[in-house]
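Shown next, in structure tokens, is the structure this report addresses.
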Amino acid sequence: MWLKGNSSHGSHLGRTFIAVWVKIPLKFCRAAHGRFAQKLMKDLFTNYTNALRPVEDTDYIINVTLQVTLSQIIDMDERNQILTTYLWVRQVWMDAFLTWKKEDYDGLDTIRIPSSYVWRPDIVLYNSADDEFSSSMETNVVLRNDGQVMWDQPAITKSSCSVDVAFFPFDLQQCDLTFGSWTHNGNQMDLFNALDSADLTDFVPNVEWEVLGMPAKKNVILYGCCSEPYPDITFSLHLKRRASFYIFNLLIPCMMISFLAPLGFYLPADSGEKVSLGVTVLLALTVFQLLVAESMPPSESVPLIGKYYIATMTMVTASTALTIFIMNIHHCGGEARPVPEWAERFILKYLARICFVYEVGENCLGGTRKEPLSQEGSDSPSANGGGAGWNRREILVKCLCQHQELGKNVEYIANSYQDQRAAQLRIGEWRKVAKVMDRFFMWLFFIMVFFMSILILGKSV
């Protein structure tokens with residue numbers, strides 16, 4: 001038992017001794033690297049200045065490779081035409097004065113130092129719309145033994161973007177981000193693309209915009225102030241708006257409201273709500289139009305949804321005006337003229353069948369058939385109620401021929417009855433005309449609203 005215990009205790013001590021023996025060289029190596037890194041820093045920056053271009057000859061051109069990674073689209077302000085993005089900008093160049101042999105420094109091949117210690121290219125965003133110009137972060141640079149300097153810098157940029165809202169909310173936008181040196185011309189510093197486009201692998205999807213691509217292009221521009229060329233790299237951000245939010249919050253409510261406008265023609269004329277419905281729909285569309293106008297930049301190009309609202313408001317205004325005109329026809333009194341022959345033939349005969357108004361032959365007051373009135377009605381009896389009245393008049397005249405005064409009164413009563421009957425027939429005919437016109441314009445405006453809705457929704461496909 002004692003031997004067994006001592007053997008286990010000895011093995012444990014052996015493992016502990018080996019572990020300590022291994023850790024000591026590792027700590028020693030790290031300490032050695034730390035001492036060599038300090039010595040390297042002292043050797044490199046003894047006579048180094050970050051105020052001048054790090055080239056051995058001033059005629060040499062320093063090449064800077066630029067790579068941009070789009071991380072997030074923070075905001076797109078259409079009204080002020082400003083795009084806010086979160087970018088990772090990588091710049092790589094060669095510094096001729098920051099080279100060393102890694103064998104002299106215990107194999108140390110890279111160090112990370114503050115970027116303020118080394119010379120940095122003055123690459124800025126040309127179309128920046130930031131007030132402070134301080135949206136970038138001061139980060140370290142990675143310095144390699146062959147003189148390569150790599151500077152990764154995260155930045156929140158605000159750039160000007162020309163927004164075209166002609167097809168809003170089914171629009172495509174292109175926003176350019178142009179990077180270039182502010183003071184160095186192409187004979188002193190040249191720019192190159194690391195990739196053909198910006199890196200989108202770490203992009204955080206945006207709820208409103210879909211990124212279609214961000215190609216990069218190098219440009220060499222000769223400005224009017226200077227004869228030297230100035231290179232720049234332009235990243236064109238292609239965006240497509242996600243229209244689901246606007247379809248469900250602006251388009252569909254507008255369509256549902258616009259479908260109420262033709263129903264105003266279906267309301268009975270005596271309800272007193274036909275004009276009120278049209279005015280209410282017009283006010284609701286005006287509110288939606290104001291909501292769209294607040295978010296759009298003031299420009300000459302009217303957005304697509306704005307055109308749809310204007311067309312719908314014009315249609316509702318026309319339907320309200322026609323409703324007033326048809327109500328005037330409906331409430332024609334007994335003093336109105338008879339319905340013209342062309343209106344009776346076209347509206348009451350043909351148009352009523354097209355609009356599925358089958359009761360055109362009925363009187364809206366009593367449901368009796370139409371009685372043709374002739375000038376002979378005053379002398380001869382008609383085929384219906386008028387004839388019975390005239391028969392009674394003749395009997396009374398014959399029976400009371402001695403009483404002239406009473407006969408004149410009876411004749412006056414008969415004439416009044418005939419005039420009232422003719423007025424009722426005229427009122428019934430005009431009301432039939434108004435009903436057919438109501439049905440016709442109801443179907444016409446329904447078709448117009450349907451095709452307008454199909455056209456606006458077809459743009460989203």
Side-chain angles (χ1 to χ4, degrees), residues 64 66-91 115 120-139 151-182 191 193-219 232-247 249-250 291-299 301 303-306:
V64 179
L66 185 66
Q67 179 181 346
V68 171
T69 300
L70 178 62
S71 179
Q72 185 180 3
I73 297 176
I74 299 177
D75 182 43
M76 167 67 91
D77 189 355
E78 290 96 345
R79 190 167 187 83
N80 297 318
Q81 301 193 22
I82 295 177
L83 172 67
T84 305
T85 54
Y86 178 43
L87 304 177
W88 299 343
V89 182
R90 170 174 290 183
Q91 304 176 44
S115 58
R120 295 174 296 182
D122 58 341
I123 294 178
V124 296
L125 181 63
Y126 280 173
N127 56 333
S128 176
D130 197 353
D131 297 334
E132 299 179 356
F133 291 95
S134 60
S135 58
S136 60
M137 184 185 301
E138 292 293 333
T139 58
W151 185 25
D152 288 333
Q153 183 184 30
I156 296 178
T157 62
K158 291 184 178 181
S159 58
S160 59
C161 178
S162 179
V163 180
D164 184 12
V165 295
F167 295 96
F168 175 85
F170 311 108
D171 52 336
L172 300 173
Q173 302 296 337
Q174 177 178 339
C175 297
D176 295 334
L177 287 84
T178 303
F179 293 90
S181 175
W182 192 252
L191 295 179
N193 297 327
L195 300 172
D196 293 335
S197 64
D199 189 5
L200 303 176
T201 55
D202 297 321
F203 177 71
V204 179
N206 189 270
V207 294
E208 185 178 0
W209 296 97
E210 177 185 356
V211 178
L212 303 180
M214 194 174 178
K217 181 182 179 182
K218 179 181 177 180
N219 304 305
D232 64 66
I233 296 178
T234 301
F235 293 88
S236 300
L237 180 59
H238 298 277
L239 301 174
K240 180 181 179 182
R241 192 188 301 271
R242 302 181 191 270
S244 302
F245 173 81
Y246 300 96
I247 290 176
N249 290 278
L250 292 180
L291 291 176
V292 175
E294 288 179 356
S295 60
M296 293 293 99
S299 62
S301 64
L304 183 64
I305 189 173

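The first residue in the sequence is number 1, and the count goes up from there. If you're wondering where the values come from, they're calculated on a predicted model, not measured in any experiment. The figures that follow rest on heavy atoms only: side chains count, while hydrogens, waters and symmetry mates do not.
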Write down the atom of [X], the atom of [Y], and the distance for their closest heavy-atom approach.
X      : Y      : value
Val207 : Arg242 : O-CD, 3.2 Å
Arg79  : Ala293 : NH1-O, 3.4 Å
Pro169 : Ala243 : O-CB, 3.4 Å
Ser162 : Gln173 : O-OE1, 3.9 Å
Gln91  : Val64  : CB-CG1, 4.3 Å
Trp209 : Glu78  : CZ2-OE2, 3.4 Å

**OP:** Determine, step by step, whether Asp152 and Thr139 satisfy the side chain to side chain contact (heavy atoms under 4.5 Å, CB included) criterion, reporting the C-alpha distance in whole Å, the side-chain angles of both residues, the deciding distance to 0.1 Å, and the verdict.
**Re:** CA-CA 7 Å; Asp152 288 333; Thr139 58; 5.5 Å; no
Original post:
Is there a side chain to side chain contact (heavy atoms under 4.5 Å, CB included) between Leu83 and Ser159 once you walk through the steps?
Top reply: CA-CA 5 Å; Leu83 172 67; Ser159 58; 3.9 Å; yes
Starting at [atom1] of [X], measure out to [atom2] of [Y] and round the result to the nearest 0.5 Å.
X      : Y      : atom1 : atom2 : answer
His238 : Glu210 : NE2   : CD    : 13.5 Å
Ile82  : Thr157 : CD1   : OG1   : 11.5 Å
Tyr246 : Leu291 : OH    : CG    : 12.0 Å
Gln174 : Met214 : CD    : CE    : 11.0 Å
Ile74  : Leu87  : CD1   : CG    : 9.0 Å
Gln72  : Asp202 : CD    : CG    : 12.0 Å

**OP:** Count the heavy atoms belonging to other residues, nucleotides or ligands that lie under 6.0 Å from CZ of Phe203, then report whether that count exceeds 12.
**Re:**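 Counting neighbours around CZ of Phe203, more than 12 heavy atoms of other residues, nucleotides or ligands fall under 6.0 Å, so yes.
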Original post:
Counting only heavy atoms not in Lys217, do more than 12 fall under 6.0 Å of its NZ?
Top reply: no
Original post:
Do Asp176 and Thr178 have side-chain atoms, one donor and one acceptor, less than 3.5 Å apart?
Top reply: no
Any donor and acceptor pair, going by atom type alone, linking the side chain of [X] with main-chain N or O of [Y] inside 3.5 Å?
X      : Y      : result
Ser160 : Ala129 : no
Tyr126 : Leu177 : no
Lys218 : Leu191 : yes

Are [X] and [Y] packed together at the side-chain level, in the sense that at least one heavy-atom pair is separated by less than 4.5 angstrom?
X      : Y      : value
Thr85  : Ile156 : no
Val211 : Asn206 : no
Val89  : Leu66  : yes
Asp232 : Phe179 : no
Leu212 : Leu172 : yes
Gln153 : Ser115 : no
Leu195 : Gln67  : yes

Subject >> Pair Leu304-Phe168, side chain to side chain contact (heavy atoms under 4.5 Å, CB included): steps then yes or no >> reply: CA-CA 5 Å; Leu304 183 64; Phe168 175 85; 5.9 Å; no
Original post:
Hey, mind stepping through Leu239 and Ile73 against side chain to side chain contact (heavy atoms under 4.5 Å, CB included) and telling me if it holds?
Top reply: CA-CA 10 Å; Leu239 301 174; Ile73 297 176; 3.5 Å; yes
